[in-house]
Amino acid sequence: SPISATLGTPNTATLTIADDEDVPEVSFEASAYNVGEGTGTATITVTLSHPSVFTVTTAYATSDGTALAGVDYLAATGTLTFTPGITRLTFNLTILPDVLDEPNETIQLALSEVHNATYGTPQDATLSILDDDDPPQVQFSANAYTVGEGAGTATIIVTLSHPSVFTITTAYATGDGTATAGVEYLTTTGTLTFTAATTSQTFNVLILDDTADEPDETITLKLSDPTNATLGVPEDEAVLTIVDGDYSTYLPFVVRIQ
């Protein structure tokens, strides 16, 4: 509607509002996550620094740290899609529990192939699987053992309640019950070493034979000073019974009948 003038060309125009917001940054919410081994699932959060009207996508993937895929967790890959206005998404990892006493283990997390965004910090993260298995108990396999006096050797079995990746040691020793060291058996002391994943070890007690007819006699067995384990109670003590193999000989009694 010009007054005292005519419309020139162009008589229409466009005003463009130049956006001054940077594209959002996509990143993990934290550089380190923790999950209990027995939890079963770890939830990982990925965020955008600010909203976008564009759809933003990013790929994610796991890789072994000290944890092993298929043993400690299930490997995972995928794509997260942030629809317009969404700034926070999650993905889950399956954690595989075990009964092994072990250090905490790690899984590496990485983002890649970002569209309509740039990488923020952190682009990589670590998930720690927190071990929830107590140290094993070291104990005798039974609270009572028997051995024949003439057998020469008694084999004693010591076990762990469950495996461990740590090397475990325990001292053992014999003591007099009703049997006397040096007469019925030889004193035995030493240290047993359970290497990683080993759950059973043995030691021998030397039995001394004699020809005396006598009651069965006992030897006490004791564990002590464990490392990377605890003593089973009362399974840290046991008794070894020496079964006598000697018998009395009686002369026949003869009566003459008149």
> Does any donor atom in the side chain of T169 or T227 lie under 3.5 Å from an acceptor atom in the other side chain?
Replying inline: yes
> What pairs of residues pass the salt bridge (charged side-chain N to carboxylate O under 4.0 Å, His left out) test when at least one of them lies in residues 95-122, not counting sequence neighbours?
Replying inline: none
> Honestly curious: do L208 and I242 fall in one hydrophobic cluster under the side-chain, below-4.5 Å linking rule?
Replying inline: no
>> Could you walk me through whether N92 and T41 satisfy the side-chain hydrogen bond (donor to acceptor under 3.5 Å, both in side chains) test, starting with their C-alpha distance in whole Å, then the side-chain angles of each, then the deciding distance to 0.1 Å, before giving a yes or no?
In response: CA-CA 6 Å; N92 292 327; T41 301; over 6 Å; no
>> Does D176 form a side-chain contact (heavy atoms from CB on, under 4.5 Å) with T218? I'd like the steps, not just the answer.
In response: CA-CA 7 Å; D176 288 356; T218 59; over 6 Å; no
> Closest approach of P136 and I168, non-hydrogen atoms and distance?
Replying inline: CG-CD1, 3.3 Å
> Which value, rounded to the nearest 0.5 Å, describes the distance between Q123 atom CD and S31 atom OG?
Replying inline: 13.5 Å
> If you look at every heavy atom in A196 and V165, which pair is closest and at what distance?
Replying inline: CB-O, 3.5 Å
> Can F166 be reached from L192 by stepping across I, L, V, M, F, W or Y side chains whose heavy atoms are under 4.5 Å apart?
Replying inline: no
>> Under 4.5 Å between side-chain heavy atoms, counting indirect links through other Ile/Leu/Val/Met/Phe/Trp/Tyr residues: same cluster for V23 and V26 or not?
In response: no
>> Applying a strict under-4.5 Å side-chain criterion to I, L, V, M, F, W and Y, I'd like to know whether I129 and L100 cluster together.
In response: no
> Step by step, would you call T106 with T66 a side-chain hydrogen bond (donor to acceptor under 3.5 Å, both in side chains)?
Replying inline: CA-CA 5 Å; T106 58; T66 56; 3.3 Å; yes
> Would you say the side-chain atoms of H162 pair up with the backbone N or O of D134, donor to acceptor, closer than 3.5 Å?
Replying inline: yes
>> Is the ring pair F28/Y33 parallel, tilted or perpendicular, if the boundaries are 30 and 60 degrees?
In response: perpendicular
> Out of curiosity, L231 CG to D225 CG, how far, rounded to the nearest 0.5 Å?
Replying inline: 8.0 Å
> Would you say the side-chain atoms of S128 and N104 include a donor-acceptor pair closer than 3.5 Å?
Replying inline: no
>> If we check side-chain contact (heavy atoms from CB on, under 4.5 Å) with F194, which of these qualifies: T167, T199, V138, T159?
In response: V138
>> Is any side-chain heavy atom of L221 closer than 4.5 Å to one of I156?
In response: yes
> Could you give the distance from OG1 (T170) to CD (Q139), rounded to the nearest 0.5 Å?
Replying inline: 11.0 Å
> Is it true that a side-chain atom of D124 and a backbone atom of A110 form a donor plus acceptor pair closer than 3.5 Å?
Replying inline: no
> In Å and rounded to the nearest 0.5 Å, what is the OG1 to CD distance from T230 to Q137?
Replying inline: 4.5 Å
>> I need the minimum non-hydrogen distance between S52 and P24, along with the two atoms involved.
In response: CB-CG, 4.0 Å
> In Å and rounded to the nearest 0.5 Å, what is the OG to CD distance from S224 to E237?
Replying inline: 10.5 Å
> How long is the span from the OG1 atom in T180 to the CD atom in E217, to the nearest 0.5 Å?
Replying inline: 7.0 Å
> Do the non-hydrogen side-chain atoms of V35 and L130 ever get within less than 4.5 Å of each other?
Replying inline: no
>> Please tell me whether T174 and T188 have a donor and an acceptor in their side chains that are separated by less than 3.5 angstrom.
In response: no
> Is the closest side-chain heavy-atom distance between D64 and Y73 below 4.5 Å?
Replying inline: yes
> Can you name the nearest heavy-atom pair linking G175 to Y185, along with the distance?
Replying inline: C-OH, 3.2 Å
> Looking only at heavy atoms, which two atoms of A61 and T77 are closest? And how far apart?
Replying inline: CB-CG2, 3.8 Å
>> Assess, by modelled atom type and distance only, whether the side chains of T155 and T202 contain a donor and an acceptor separated by less than 3.5 Å.
In response: no
> Under 3.5 Å, is there a donor-acceptor pair linking the side chains of T153 and N204?
Replying inline: no
> Is a donor on one side and an acceptor on the other found under 3.5 Å between the side chain of D72 and the backbone of L68?
Replying inline: yes
>> Contact between F91 and L93 at the side-chain level, heavy atoms closer than 4.5 Å - yes or no?
In response: yes
> Hey, does S27 have a side-chain heavy atom less than 4.5 Å from the side chain of T121?
Replying inline: no
>> When you compare the side chain of L223 with that of V158, does any pair of heavy atoms fall below 4.5 Å?
In response: yes
> Are L109 and L89 connected in a single hydrophobic cluster, I mean Ile/Leu/Val/Met/Phe/Trp/Tyr linked by side-chain heavy atoms less than 4.5 Å apart?
Replying inline: yes
>> If you define the side chain from C-beta out and look only at heavy atoms, does anything of L96 sit under 4.5 Å from T94?
In response: yes
> Nearest heavy-atom pair of S63 and I107: which atoms, and what distance?
Replying inline: O-CG2, 3.6 Å
> Less than 4.5 Å apart, any side-chain heavy atom of F82 and any of F54?
Replying inline: no
>> Pair S112, Y60 - check side-chain contact (heavy atoms from CB on, under 4.5 Å), show working.
In response: CA-CA 6 Å; S112 62; Y60 64 86; over 6 Å; no
> Please walk me through it: do V147 and L240 pass side-chain contact (heavy atoms from CB on, under 4.5 Å)?
Replying inline: CA-CA 7 Å; V147 62; L240 170 61; 3.7 Å; yes
>> Please determine whether side-chain contact (heavy atoms from CB on, under 4.5 Å) holds for the pair T55 and T81, giving the CA-CA distance in whole Å, both sets of side-chain angles, and the decisive distance to 0.1 Å.
In response: CA-CA 7 Å; T55 296; T81 300; 3.6 Å; yes
